Protein chains: 2
Amino acid sequence: MSSAARILLERLFPAGLEDLRARVEEIHLPVGQTVFRRGDPCRNYLLVVQGSVRVQVLAANGREITLYRVCDGQSCVITTSCLISVESYPAEGVAEVETTALVVPQPVFDQALGDSAEFRRFVFANQGQRLGDLIQRVEDVVFGRIDVRLARLLMTLSEQGVKSIAITHQQLASELGSAREVISRQLKQFAGRGWVGIGRGAIEVKATAALDELARQSG
Amino acid sequence: MSSAARILLERLFPAGLEDLRARVEEIHLPVGQTVFRRGDPCRNYLLVVQGSVRVQVLAANGREITLYRVCDGQSCVITTSCLISVESYPAEGVAEVETTALVVPQPVFDQALGDSAEFRRFVFANQGQRLGDLIQRVEDVVFGRIDVRLARLLMTLSEQGVKSIAITHQQLASELGSAREVISRQLKQFAGRGWVGIGRGAIEVKATAALDELARQSG
DNA sequence: AAAGCGCAGTGACAATGTCACACAGGTGCA
DNA sequence: TGCACCTGTGTGACATTGTCACTGCGCTTT
């Protein structure tokens, strides 16, 4: 077991609950691995130690939208909720990068909820953040303009001075729940204004200030 | 305290937790009362005994969308999550009808989570259902056609043989996160096919079968 | 009756999504 | 080298949905 996993375990299952720790397994997910599918029953509590799981919904016609990501030290709300309410997954999860996760079997999860205030706090805090993300997503999708949302996404992706983003138009569209053609046109418009440069499978962010201003708009 | 409230309390705080019951208050919310606003901090756990609270998001331009409802014997996910993760409300809640609710102060909530497995199960089950609703809502909004969504809504509202629905076009639009004009046009189209009758502030559902077929479509 | 208000109808237009293609840059292979 | 093939992108025409600016209708208040 990795040291990061051990630290997390010790935090969530403090002294007195050592027996629970032993029943938690660590797994490694390769890139692109599906963690859970829509309609799957839910038997374990999943906890990402290191990596990233993208949670998305797919439409019949091939369109898709990313709901949120579960990153280092976070857990998946859907898993949590389904585990207790005994419903099946309403979305699917895919490992975006090589990911290390802890698998907590349902009985251990149940017991830990009762016995560890720390564990409860962790589970609920995660719930709150994910739920907030989700509501924000609904708001964006229903009321937001696509140019503003795309600008926001580009700003997020180019954080920390990264100016060249390796991503296809289709991936951007999936992220926003839009269509590739729409994204292509918007990017062309951005490029026309000199805000970005477009290459095959890559976007170069040039006018951070202009994009940022657009991203800050209410729409 | 109402008898319904007492029954709920006894279920969630079983024998041994009588002291917690005493610290829970019952409140009555008049129609239209705002229960919580966007940005409000969250200090109590709210539990609807009888009535209905609509949880919605408002846009700057006046458009709005209903995320879900909290009905008899249910609790609000947002409240639950915010309570623990100490975030502020990302949406707002309004009592749709006169509503009776239990107010559980945060310390009582915290203690009950640790001491009552029944309470935990209740809280999590509610979380799961509301989260499922929310994901379904995202899916509908992003991928769904407005005619299908409207047909679904009409079928839901006319359940149990109620054929005449007292509702305005604006209210239907708010429910679906669409615009009044769009709904008016769709209804006109439905009316043209003889599926519904339109009156001022009321819709009469005539062709249940046809609407139902449309409602079942994937889009 | 007149004014005011909430509700609904409508046409023109803007924004976004859909469809059916064309084309360009790689990669692998004959 | 040249060709088939795949993925990613560009584009025009069109459908659907949202926005805006009005109009009119029915009801209540003045």
Side-chain angles (χ1 to χ4, degrees), chain A residues 32 57-65 137-154 164-192 196-204 214 217-219, chain B residues 32 57-65 137-154 164-192 196-204 214 217-219:
Chain A
V57 179
L58 306 179
N61 64 357
R63 268 174 71 196
E64 55 184 272
I65 181 168
R137 193 73 35 144
V138 173
E139 223 181 308
D140 285 355
V141 164
V142 179
F143 307 129
R145 278 173 15 206
I146 199 69
D147 54 349
V148 174
R149 296 172 57 213
L150 179 56
R152 258 180 220 156
L153 180 55
L154 291 177
S164 189
I165 311 168
I167 195 168
T168 67
H169 298 184
Q170 179 58 63
Q171 286 174 305
L172 290 168
S174 297
E175 198 68 27
L176 298 177
S178 178
R180 177 189 60 79
E181 296 92 321
V182 175
I183 301 301
S184 290
R185 276 176 209 140
Q186 279 302 329
L187 284 174
K188 189 182 161 191
Q189 211 186 316
F190 287 175
V196 302
I198 303 182
R200 189 186 171 82
I203 312 283
E204 186 199 355
L214 181 58
Q217 289 208 342
S218 67
Chain B
V57 178
L58 305 180
N61 63 356
R63 270 175 68 197
E64 54 185 272
I65 181 167
R137 192 77 32 147
V138 173
E139 224 181 309
D140 284 355
V141 165
V142 180
F143 307 129
R145 279 177 8 211
I146 198 71
D147 55 349
V148 174
R149 295 172 59 212
L150 179 56
R152 258 181 220 156
L153 181 54
L154 291 177
S164 189
I165 311 168
I167 195 168
T168 67
H169 297 186
Q170 179 57 62
Q171 286 175 305
L172 291 168
S174 296
E175 197 68 27
L176 298 177
S178 178
R180 177 188 61 80
E181 296 93 321
V182 175
I183 301 300
S184 290
R185 275 176 213 140
Q186 280 302 327
L187 285 173
K188 188 182 164 193
Q189 211 187 315
F190 287 176
V196 302
I198 303 182
R200 189 184 171 82
I203 312 282
E204 187 200 353
L214 181 57
Q217 290 206 345
S218 67

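Below, chains carry the letters A, B, ... as their sequence lines are ordered, and counting in each starts from 1. Worth saying up front: this structure is predicted, and the values here are computed from it rather than measured.
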Novice: Just verifying a value: how many Å separate B/Arg149 CZ and B/Ile146 CD1, rounded to the nearest 0.5 Å?
Specialist: 4.5 Å
Novice: Between A/Arg200 and B/Arg180, just flag the one whose closest nucleotide in DNA chain D comes earlier from the 5' side.
Specialist: A/Arg200
Novice: Side chain to side chain contact (heavy atoms under 4.5 Å, CB included) with A/Ala166: which residues, sequence neighbours excluded?
Specialist: none
Novice: Treat primed atoms plus P, OP1 and OP2 as sugar-phosphate and everything else as base, then score nucleotides 11-17 of chain C 5' to 3': B for base contact with protein heavy atoms under 4.0 Å, S for sugar-phosphate contact only, - for none.
Specialist: BB---SB
Novice: Does the side chain of B/Thr168 get closer than 4.0 angstrom to OP1 or OP2 of C/dC7 through an N or O atom?
Specialist: no
Novice: Decide yes or no for A/Ile203 and A/Phe190: does some side-chain heavy atom of the first lie under 4.5 Å from some side-chain heavy atom of the second?
Specialist: no
Novice: With B/Glu139, which residues qualify under salt bridge (Lys or Arg N to Asp or Glu O under 4.0 Å), at least two apart?
Specialist: A/Arg38
Novice: Identify the 5'-most and 3'-most nucleotides of DNA chain D with at least one atom closer than 4.0 Å to a non-hydrogen atom of chain B.
Specialist: D/dT17 to D/dG26
Novice: Mind checking whether A/Val182 and A/Leu150 have side chains closer than 4.5 Å, heavy atoms only?
Specialist: no
Novice: B/Leu58: what forms a side chain to side chain contact (heavy atoms under 4.5 Å, CB included) with it, not counting sequence neighbours?
Specialist: B/Gln56, B/Glu64, B/Glu92
Novice: To the nearest 0.5 Å, what is the distance between CZ on B/Arg152 and CD on B/Gln217?
Specialist: 9.0 Å
Novice: Would you mind writing out the side-chain donor-acceptor pairs for residues 170-178 of chain B within the sub-3.5 Å range, not counting sequence neighbours?
Specialist:
| residue | atom | partner | partner atom | Å |
| --- | --- | --- | --- | --- |
| B/Gln170 | NE2 | B/Ser174 | OG | 3.3 |
| B/Gln171 | OE1 | B/Thr168 | N | 2.9 |
| B/Gln171 | OE1 | B/Thr168 | OG1 | 3.4 |
| B/Ser174 | OG | B/Gln170 | O | 3.1 |
| B/Glu175 | OE1 | B/Thr66 | OG1 | 3.4 |
| B/Glu175 | OE1 | B/Arg69 | NH2 | 3.0 |
| B/Glu175 | OE2 | B/Arg69 | NH1 | 2.6 |
| B/Glu175 | OE2 | B/Arg69 | NH2 | 3.3 |

